[in-house]
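Comments concern the structure below.
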Number of protein chains: 2
Amino acid sequence: MTQAVLAGDDRIPIYQRLADVLRQSVIDGQVKPGDRVPSENVLAEDYGLAAGTVRKALDVLVSEGVFERFQGRGTFVRRPSFDASLFRFFRFRSPEGEYSVPESRILRREVEPMPGHVAQALERPEGVPGISMSRLRLQDDVPTVAEEIWLAHEPFRAFAEMPTGEIGDLLYPVYDRVCGQLVARADETLTVEAASPETARLLRVAEGTPIIVIERVAKGYDNRPIEWRRSRGRAEQFSYHTEIR
Amino acid sequence: MTQAVLAGDDRIPIYQRLADVLRQSVIDGQVKPGDRVPSENVLAEDYGLAAGTVRKALDVLVSEGVFERFQGRGTFVRRPSFDASLFRFFRFRSPEGEYSVPESRILRREVEPMPGHVAQALERPEGVPGISMSRLRLQDDVPTVAEEIWLAHEPFRAFAEMPTGEIGDLLYPVYDRVCGQLVARADETLTVEAASPETARLLRVAEGTPIIVIERVAKGYDNRPIEWRRSRGRAEQFSYHTEIR
DNA sequence: CACATATAGTTCTATATAGAAGTATAGCTG
DNA sequence: CAGCTATACTTCTATATAGAACTATATGTG
């Protein structure tokens, strides 16, 4: 057999093609986050490749954040867990200094046509029906973040019909469980504005107070957009850190 | 000789030790940004190592952003370019759509004891003398960014005594040329505040306008802090994009 | 049962080797 | 001189192999 399994453009390197195949198996849901990937030796055997070549393919996927490796234990599909990371920016620590998931209140949830900018972000034709939500997140009963969220109606029909009470504080696990939609990464854009009357009311701040706005497009392993979200929080407690070079 | 050249803790892998040696040669200034690194084969020969081991060491340094590789051309010490800096969002484009270096006006420059938070960031004892500057950056004669800058006095004595007229619009090249201090990377923290009277005056905005504050600690290849800087600009048109996972 | 010890399986490091692919330059040809 | 060609040098891909380092599990011992 040799590597007939990896047919296709032989202009691109074998290790890349293997990486593509393995990445696709995650996209297709054949292996799920937390699952163990066959060992390097087994993969080498299966595909008729040298161990080094397989290892290089895994290197690619690890650096992409798709896989995770542990010496002696194995290689696993990484559980993407960045939901808390947006809120890390907002410094949501408890008095004990620990991070915690804030309480979520869904204020509104209905099906209506998507506006242009949302449809564009979700790569859908304008005017197509979507699920629109307003959500408020609170820390110790203090409102900290107000969110508008949009989902395409099509793969989220089951979510639209689900009772609100059954939706917990985190949405992404629900997307996965109820609709098989797995969020792998996201694009975020940060801007600043002065609080509108609406935002001021929700966040209980004075009108005109500086507000951080984060627009997020959550994407699957296949890089297709899943959810559009705009979050607003008081800029006061916001602090974002990064390393540049 | 074999790899006697790479003595030291043989608990850590050879490729790591080689990476350490090469990184150090950049820190010491034996090779400068833009310089070419000996080829993989030559390094392998010199250190008595297999080609693959050398390559792995280079992989490390490339991923750290210290080196840069081009197939067929060679491996080079990377010129640090702060393209990813949060600061670039204050660099407005010229009418032709090109980015340009804004004009810089140094308003003040004097030697005085460093305040606590600066001393801490620069890893110096509190109260030690430092060079303090106020600088205003303008685009087409419009003030866009106001900066406070601190340097430790000790390695920057020559800079302190230099006439202001000889300092151009960019500081880092001067640090390198005059004091041999090479900035390799930086940590940046972004926050938001309402414009103080002082800031409002400098940036010619109304008091209370949302202002982006970026605190930066610039560091050398050896990761030691070189410069502390706090920049303030109008938040109005600020937009920062990033990918998370 | 509790606790060492052996064992099998995993990733990680290192070597050696060969050729492909890309780049720059010297030298030849018209 | 302009333009092609050969050549030498670079990084990149791929194979094969061996053992080290680490982890989890099974096994034996007290």
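Taking side-chain N and O atoms only, B:Thr75 has a distance below 4.0 Å to OP1 or OP2 of D:dT11. For A:Thr53 and D:dA14, the shortest distance from a side-chain N or O to OP1 or OP2 is not below 4.0 Å. Side-chain nitrogen and oxygen atoms of B:Lys56 include none within less than 4.0 Å of the OP1 or OP2 phosphate oxygen of C:dA14.
Sorted by first then second residue, the salt bridge (charged side-chain N to carboxylate O under 4.0 Å, His left out) pairs that include residues 50-66 of chain B, not counting sequence neighbours, are B:Arg23-B:Glu64, B:Glu40-B:Arg55, B:Asp59-B:Arg69. Listed by first and then second residue, the salt bridge (charged side-chain N to carboxylate O under 4.0 Å, His left out) pairs involving residues 28-39 of chain A are A:Lys32-A:Asp176 (not counting sequence neighbours).
Remark: the backbone N or O of A:Gly65 is paired with a side-chain donor or acceptor of A:Arg78 at under 3.5 angstrom. Panel note: side chain A:Arg185, backbone A:Tyr221; a donor-acceptor pair is recorded below 3.5 Å. Between the B:Arg73 side chain and the B:Gln71 main chain, no donor and acceptor come within less than 3.5 Å of each other.
Residues B:Gln16 and A:Val37 both approach DNA chain C. Their nearest nucleotides, taken by heavy-atom distance, put A:Val37 toward the 5′ side. The residue among B:Val42 and A:Ala51 whose nearest nucleotide of DNA chain D is located toward the 5' end is B:Val42. Where A:Ser39 and A:Asp10 meet DNA chain C, the nucleotide closest to each residue was compared, and A:Ser39 sits on the side nearer the 5' end.
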| query | So A:Arg105 and A:Glu103, salt bridge (charged side-chain N to carboxylate O under 4.0 Å, His left out) or not? Walk me through it. | reply | CA-CA 7 Å; A:Arg105 285 190 204 145; A:Glu103 185 198 340; 3.2 Å; yes

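The salt bridge (Lys or Arg N to Asp or Glu O under 4.0 Å) test with B:Arg230 singles out one residue from B:Glu188, B:Glu147, B:Glu215, and that residue is B:Glu215.
No engagement by A:Arg11 is indicated, since no non-hydrogen atom pair under 4.0 Å with the nucleic acid exists.
Evaluation of the ring-ring contact (aromatic ring centres under 6.0 Å, His included) rule for B:Phe156 yields B:Tyr175 as partners, not counting sequence neighbours. Residues passing the ring-ring contact (aromatic ring centres under 6.0 Å, His included) test with A:Phe67, sequence neighbours excluded: none.
Distance, A:Arg55 CZ to C:dT15 P: 15 Å, rounded to whole Å. Put simply, CD1 on B:Ile14 is 13 Å from P on D:dA20, counting in whole angstrom units.
Five base pairs at each end of the helix from C:dC1-D:dG30 to C:dG30-D:dC1 define two local axes, and these are offset by 0° (rounded to 10°).
Using a 4.0 Å cutoff on non-hydrogen atoms, the parts of residues 64-74 of chain B near DNA chain C are B:Gln71, B:Gly72, B:Arg73, ordered by number.
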